[in-house]
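Throughout, residue positions are numbered sequentially from 1 according to the sequence presented. Computed over heavy atoms, backbone and side chain alike; hydrogens, waters and symmetry mates excluded. Because the structure is predicted, anything quoted here is derived from the model rather than measured.
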Amino acid sequence: MPEKPIETALRIKEKFEFYMLGLVFTLLALSVQTASFGNHPVADLVELLGWFFLLCSGLFGAWRLEWFAPNYEFLHKLEGYEAVVFQLEQAALTGQTAITAQDTAEELDIQDVISNRRQAVGLLESKIEEVDKKIEFRYMVHRWTFLAGVLALCIARAAPAYPSIVSIWKSAIR
């Protein structure tokens, strides 16, 4: 059976998340290995700043990925609870007033069970919302510190060439 569009989207998103995290740490490692300090103090400082931003980006990205599994677990539980509520509501509509608890074989009022499950759904929804906010915040930090790190490294690596570029421009203008 062909993959559903949402499954394709989630698969691509998952691959992109891991690609970006790998890219951040790869750029950090390469910039550390190829660094050359001592000739331009400003470039040295900006290079270190770039390393800091890339390290922050990688850590926030990893911290963000760490919360994906618990979030999916909450979503899975939510689906289960919502399905139970739906089934119980359907049973109540047919006139059923009580259900038997599986673990204790005790008769329970169906409206109490529905109320209890709705409460659990509400708690899970608030927990999912809380986790989603954390994931989104970490994504923003991950993304912007990645961009800042790459920009800082570009500036640091280009800074030593700046004086010769300026002299070439000046001679070309004359």
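- Residue W67 is grouped with residue L10 when hydrophobic side chains (ILVMFWY) are merged at heavy-atom distances under 4.5 angstrom, including chains of intermediate members.
- At a threshold of 4.0 Å, the pair K77-E73 does not count as salt-bridged, since none of the basic side-chain nitrogens sits closer than that to a carboxylate oxygen.
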Task: Pair Q90-L93, side-chain contact (heavy atoms from CB on, under 4.5 Å): steps then yes or no - done: CA-CA 5 Å; Q90 294 301 311; L93 287 174; 4.2 Å; yes

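- No side-chain N or O of S31 forms a donor-acceptor pair with one of R157 less than 3.5 Å apart.
- Cluster annotation: M20 and L30 are assigned to distinct hydrophobic clusters (Ile/Leu/Val/Met/Phe/Trp/Tyr, side-chain heavy-atom contacts under 4.5 Å, transitive).
- Counting non-hydrogen atoms of other residues, nucleotides and ligands closer than 6.0 Å to CZ of F68 gives a total above 12.
- Annotation for E130: atom CD counts as buried by contact number, over 12 foreign heavy atoms lying within 6.0 Å.
- Using a cutoff of 4.0 Å between basic side-chain nitrogens and carboxylate oxygens, R64 and E17 are scored as salt-bridged.
- Evaluation of the ring pair (Phe, Tyr, Trp, His ring centres under 6.0 Å) test over residues 11-41, restricted to residues two or more places apart or in two chains, returns F37-W51.
- Within the cation-pi definition used here (under 6.0 Å to the ring centroid, within 45° of the axis), R138 does not qualify as a partner of F60.
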Open item on the list: Using side-chain contact (heavy atoms from CB on, under 4.5 Å), reason through L59 and H142 one step at a time and then give a plain yes or no.
Closed with: CA-CA 8 Å; L59 293 176; H142 169 61; over 6 Å; no

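- A salt bridge is defined here as a Lys NZ or Arg NE, NH1 or NH2 lying under 4.0 Å from an Asp or Glu carboxylate O, and R11 with E14 fails to meet this definition.
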